[in-house]
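Along the sequence shown, residues carry numbers from 1. Every number for a ligand or one of its atoms is a count from 1 in the order of the listing.
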Amino acid sequence: MDFNTDEFFYGINKSLYYKTEEQKNEIKKMDPEYLTRTGTDFVLLPNSPEFINHNEPFEPMYIPKQTILEESLRREIERICFADTLLNKVVFDCADPSPFTKDVDPATYGLEVLPYYMPQSKEDSTLVFESRFESGNLRRAIQICDYEYNLILKPDYYTTMNTQWFYFSLSNTRKDVEYRFNIINMMKPDSLYNSGMKPLMYSEQGAKQKKIGWFRDGHEICYYQNNMKRKNGGFYYTLTFAVKFQYDFDCIYIAHCYPYTFTHLCRYLKQLESDPAKKNRVKRKQLCQTIAGNMCDFLIIGDFNNGKEKKGIVITSRVHPGETMASYVMEYMIDFLTGNTHEARILRENFIFKIVPMLNIDGVVNGNYRCNLAGVDLNRQWIDPNKKQHPTIYHTKQLVKKTKEERDLVLFCDIHGHSRKKNIFMYGCQGKDPNRKELVFPMLNRNNCSVFSFKDCCFLLQKDREGSARIALWRELSIINCYTLEMSFCGADFGKYEYFHFNLDIYKEIAQSFCLSIIDCYEPEQIKVKQVMEEIEQNSLKNQQKDDKNNSGDEGSDYSNDDPKEQAMPQQQQIQLQNNDQQLGSQTKKLKKIPLLPPKKKKGQ
Ligand SMILES: [Zn+2]
């Protein structure tokens, strides 16, 4: 391949750094209400990577090597002991000006923005990192050896502790070389990366030449506590993995889960509205503006032509921006509900669905994992949401209340991803009803979906989650069927998909079976409901109060590691690391904060 062509310069894909005339025209035609705003003074590149939906068939998890923790710690200690032999060269920072390209005019290369690093010759194999695109969140990359890099993620705005989601790209690869990446400022005490999960990757060459979309890759994967002390006590964690790329001068994207951006949602909604078969089944309405000034929409789906009395259902998702699978499940649900099947028609004739597909748009745009731009977890604000600080929650709550006034509101569900458990399951609320009616809907889901795990469901009312949608709306509005749907970032540990990663097919399966379970739950004969009620009776599930320590996943507070006593670290690891100095710590110093811009005012205000 030529080093510099129309498409590439210095091994870097040009298309990330400039917009074609055609793209500029398309943007001009788009409704300006829906253009992405960051709400920060953060540069967003003219282009986001193109997403290819096609993905690999079922991809197996890896089997963790017994000695992997030991090996990873040995490497960590070597890095500390031989610190002065490391390159320690900052090759990317998403906010700081680049010493490599600061005097270069992007126009020289026909670009709008320049990468942080530009290789000096064809022989310069330094990787060129990038994350200044929508949902990207790499803060800094430090080359420590020829083919090894330490990576630092950007925490959620106004927080110091929300790092788990990652999404970035790298260019100028060399084929068949073993690269190693260490993401050194992870926060959670444990991770599914120790239970067989692999990171997701996307190769531009693979996409172009073989039409391959996102795939799982990487080996020697390990997640462990490192020796970098956190200000408020405790230590950071490292995710380390090695990978070989298939092409020279390729551009690779690496992510925690299949990315799903706000732009992707806007395109999808536009398509939905303009579909002649669907546009009479769905209405798109504006809910409110986010803090950054992005428009948050909701959908109403139903048969608007028949006057039959309808029950109400509200479904929301993506309150946690890093849980991207929630958006895929939501999209598949919308597809199903607006589709041509007999079941979809029954649903539209009998229900009105109100759907808020993306509750935390600003978080999604900025690559946050959990919080919004005010630095709060929106899924703790449902008791008394603030109109200015949590506008989408405030207005969604109004929407739920209004639906309840208008009709029989029978079901509320908020869709999430789960970063510590495997499988797909639900959290509900156990009330005083001796018949445990809240168990019925999850059990119907179990019957309709081979990946749904009823044993992982939990119906406790945990104190620290009183502000979540599930508990707050259940208490205030007495919605018996008030749930969160949780999907593992990894995969299943039972049934036909055991040892395989979840993929878009699985997200589609759960979305469809969720919709079919609504029919089972409310059909007049109640045939399947009676069956599961009997099962509840027989198995004395009625009195079951499962206290599942693991369920503190993503709906709950993930950060039990705030309390250093709770840190789950092998003792051997503690002893080895305590004696070392904090060499790695120096790499995180001088990270300047990225300030927020004042919120955009609405027109006419
Ligand atoms: Zn969540």
Side-chain angles (χ1 to χ4, degrees), residues 135 137 155-156 159 161-167 186-192 197 255-260 262 265 314-331 333 355-364 366-372 374-382 385 390 392-393 396 412-429 453 456-458 460 462 464-474 482-490 502 507 510-511 514 548 550-561:
S135 297
N137 73 335
D156 290 7
T159 78
M161 52 187 274
N162 289 286
T163 53
Q164 200 67 30
W165 164 255
F166 54 86
Y167 183 26
M186 299 296 247
M187 296 295 307
K188 289 190 189 189
D190 195 13
S191 166
L192 288 164
M197 180 160 137
H256 185 46
C257 190
Y258 303 99
Y260 190 111
F262 177 53
L265 175 70
V314 180
I315 308 171
T316 59
S317 80
R318 213 69 191 279
V319 70
H320 293 144
E323 295 162 13
T324 53
M325 65 285 269
S327 284
Y328 287 99
V329 174
M330 184 56 108
E331 192 177 304
M333 276 188 196
I355 288 175
V356 189
M358 199 173 270
L359 283 168
N360 192 348
I361 293 167
D362 297 346
V364 169
N366 283 291
N368 278 9
Y369 175 60
R370 197 171 173 89
C371 295
N372 77 341
V376 299
D377 180 348
L378 289 175
N379 202 28
R380 288 295 174 279
Q381 314 302 330
W382 287 83
H390 330 115
T392 58
I393 304 301
T396 304
F412 172 89
C413 188
D414 190 26
I415 310 173
H416 288 255
H418 204 291
S419 68
R420 286 205 257 173
K421 285 176 74 165
K422 287 182 177 166
N423 302 330
I424 298 175
F425 47 94
M426 284 171 119
Y427 293 145
C429 301
S453 167
D456 287 300
C457 293
C458 180
L460 292 175
Q462 302 88 336
D464 64 329
R465 284 179 238 179
E466 287 286 327
S468 68
R470 168 180 63 105
I471 301 183
L473 296 178
W474 174 82
C482 208
Y483 303 104
T484 53
L485 174 64
E486 299 273 348
M487 272 158 299
S488 173
F489 276 93
C490 182
F502 286 158
Y507 301 156
I510 182 64
F514 184 94
D548 181 354
N550 245 335
N551 74 23
S552 63
D554 297 285
E555 181 206 55
S557 168
D558 270 332
Y559 301 99
S560 52
N561 60 333

- prompt: Considering only N, O or S atoms, which atom of His416 is nearest to the Zn ion (ligand 1)?
  reply: ND1
query: Any N/O/S atom of His418 sitting less than 2.8 Å from the Zn ion (ligand 1), backbone or side chain?
result: no
message: Suppose we call two aromatic rings close when their centres sit under 6.0 Å apart. Are Tyr427 and His416 close by that rule?
response: no
- prompt: Which of the N/O/S atoms in Glu323 sits closest to the Zn ion (ligand 1)?
  reply: OE1
- prompt: With sequence neighbours left out, what residues match His390 under ring pair (Phe, Tyr, Trp, His ring centres under 6.0 Å)?
  reply: none
field: Heavy-atom closest contact (Ser488 atom, Leu192 atom, distance)
entry: OG-CD1, 3.6 Å
Partners passing ring pair (Phe, Tyr, Trp, His ring centres under 6.0 Å) against Phe514 (at least two apart in sequence or in another chain): Phe441
field: N, O or S atom within His320 nearest to the Zn ion (ligand 1), by name
entry: ND1
